[in-house]
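The structure displayed is predicted, hence computed values, not measured ones.
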Amino acid sequence: MTGISPTRMFLSTAVVYLNFFIYISLHRTQDFQGVLVMLMKSLTIADLIFGLACQMDTIKLMLDLGPDIKTCNVLSYAINVSLGVVIVTLGYISYERFYAILYPKNYASVITARKVKLFICFSYLSCAVIFIPSLFGLEVVSSKPQKSCLTHWEIYSSSSFLLMLLLIVGNVFICTVFYFCISLDSAYNEETTCTCAKSGSNFNQSVSDKTIARLFLGIVILFYTMWLPFMMMTFIRLFTSIKTSDTTYSSFFNLGLGTAIIKFVLYFKLLPSFNQAFLETCVMVGFKCLDCLVGLCVTHTAEVE
């Protein structure tokens, strides 16, 4: 079990469990229904896939499995697809917020549940296709290859990294344009009730458009800020001859991994209805786990007798 990073274990486990509870909470609460929540669920599923890929790397280390390029290819592919979906979805959410705040009368006809479902399917399928190159051509970047895929192996091939950069640049441009337009609108500077609730998305009307826009703008800023060091390090490794530390590379990856946790903090702080739904979900799952445990104990006792 040498080489296991306690930080990576903790973060990946937290990402998996938190996003599992977030998804259930979004599904259970009556205040969170409609197209915006469908997009939030898509983000949650992508983060869950990302966390599971990191968990698989940890399990690989715990089982003391040797370096395996095929396994690392699959893990890098899952990570690339999940990050690609997050990037594309954040761009679409900025487009959705743009219409909800600036054109509330047209919102119901432009942002429909059918269009959002098609977009979500398209985002996963397109990212699954364009990142196929990451399944091939990865190289060992450490002089002493270890068992961890996410520390001593690149998670990008040159082509997949360039595709990711193209997605990032396009998304940053889109988000900047839409949120800049929103900030210029006079209605954005007032605590107006959620226009998307009036336009068919059925989001909680006690939450203002201003709060929801700030929530996702905060997620966009944190996402790119925390992933920037890792992307810069990857660029250096792929396109220059500068030697970099495996420890630094792993630390920057862990920093990016933390974005899936910070998103939960923003949800919890800015969406009051989410707080109650999340706590109720935790209690529900806790009681079900306790019930299963009691059932197993009773069954075991009966078998012994």
Side-chain angles (χ1 to χ4, degrees), residues 22 26 29-47 83-124 126-127 166-225 227 259 262-274:
I22 288 173
L26 292 173
T29 178
Q30 296 300 315
D31 288 336
F32 284 22
Q33 302 296 329
V35 295
L36 185 57
V37 175
M38 290 165 60
L39 294 168
M40 293 168 71
K41 288 180 178 179
S42 178
L43 281 178
T44 302
I45 292 173
D47 284 335
L83 287 178
V85 170
V86 170
I87 291 170
V88 173
T89 304
L90 287 176
Y92 192 88
I93 288 176
S94 67
Y95 169 73
E96 184 273 342
R97 289 289 81 210
F98 173 79
Y99 262 92
I101 295 175
L102 271 67
Y103 302 101
K105 294 181 179 179
N106 301 329
Y107 182 91
S109 59
V110 176
I111 310 295
T112 64
R114 182 176 179 274
K115 289 181 180 179
V116 171
K117 288 178 181 178
L118 288 174
F119 163 77
I120 292 172
C121 293
F122 175 77
S123 65
Y124 278 90
S126 60
C127 289
L166 184 62
L167 271 181
I168 290 173
V169 171
N171 180 256
V172 169
F173 175 76
I174 289 171
C175 289
T176 301
V177 170
F178 283 135
Y179 283 115
F180 180 72
C181 292
I182 290 173
S183 67
L184 292 179
D185 184 70
S186 59
Y188 178 74
N189 297 318
E190 302 175 3
E191 289 292 341
T192 55
T193 56
C194 183
T195 53
C196 59
K198 301 172 184 177
S199 307
S201 77
N202 298 327
F203 203 81
N204 182 9
Q205 294 191 36
S206 65
V207 182
S208 69
D209 278 325
K210 183 177 180 181
T211 298
I212 298 171
R214 281 178 172 175
L215 167 66
F216 288 105
L217 178 60
I219 291 175
V220 169
I221 293 172
L222 283 170
F223 180 83
Y224 288 114
T225 301
W227 275 110
T259 58
I262 293 180
K263 179 189 69 176
F264 160 77
V265 176
L266 291 176
Y267 283 175
F268 210 82
K269 182 178 181 181
L270 295 178
L271 303 176
S273 298
F274 174 81

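Side-chain atoms of Phe122 and Leu118, non-hydrogen and from C-beta on, never get closer than 4.5 Å to each other. A heavy-atom distance below 4.5 Å is not found between the side chains of Glu96 and Phe216. At a threshold of 4.5 Å between non-hydrogen side-chain atoms, the residues Val86 and Leu43 count as touching. Considering only heavy atoms from C-beta on, Tyr224 stays 4.5 Å or farther from Cys175 through its side chain.
The minimum heavy-atom distance between Gly91 and Ile174, with the atom names listed, is O-CG2, 4.0 Å. Here the closest heavy-atom approach between residue Tyr179 and residue Ser94 is recorded as CE1-CB, 3.5 Å.
Looking at Thr112, its side chain never comes within 3.5 Å of a backbone N or O of Ser109 through a donor-acceptor pair.
Surrounding NZ of Lys115 are more than 12 heavy atoms belonging to other residues, nucleotides or ligands, all under 6.0 Å away.
Taking the six-membered ring where tryptophan is involved, the planes of Tyr99 and Tyr95 are perpendicular, since the angle between them exceeds 60° and thus also 30°. The aromatic rings of Phe119 and Tyr92 sit parallel, their planes meeting at an angle under 30°, below the 60° perpendicular limit.
Note that the NZ atom of Lys41 and the CD1 atom of Ile22 stand 13.0 Å from one another [nearest 0.5 Å].
For Tyr103 and Phe98, the ring centers are positioned less than 6.0 Å apart.
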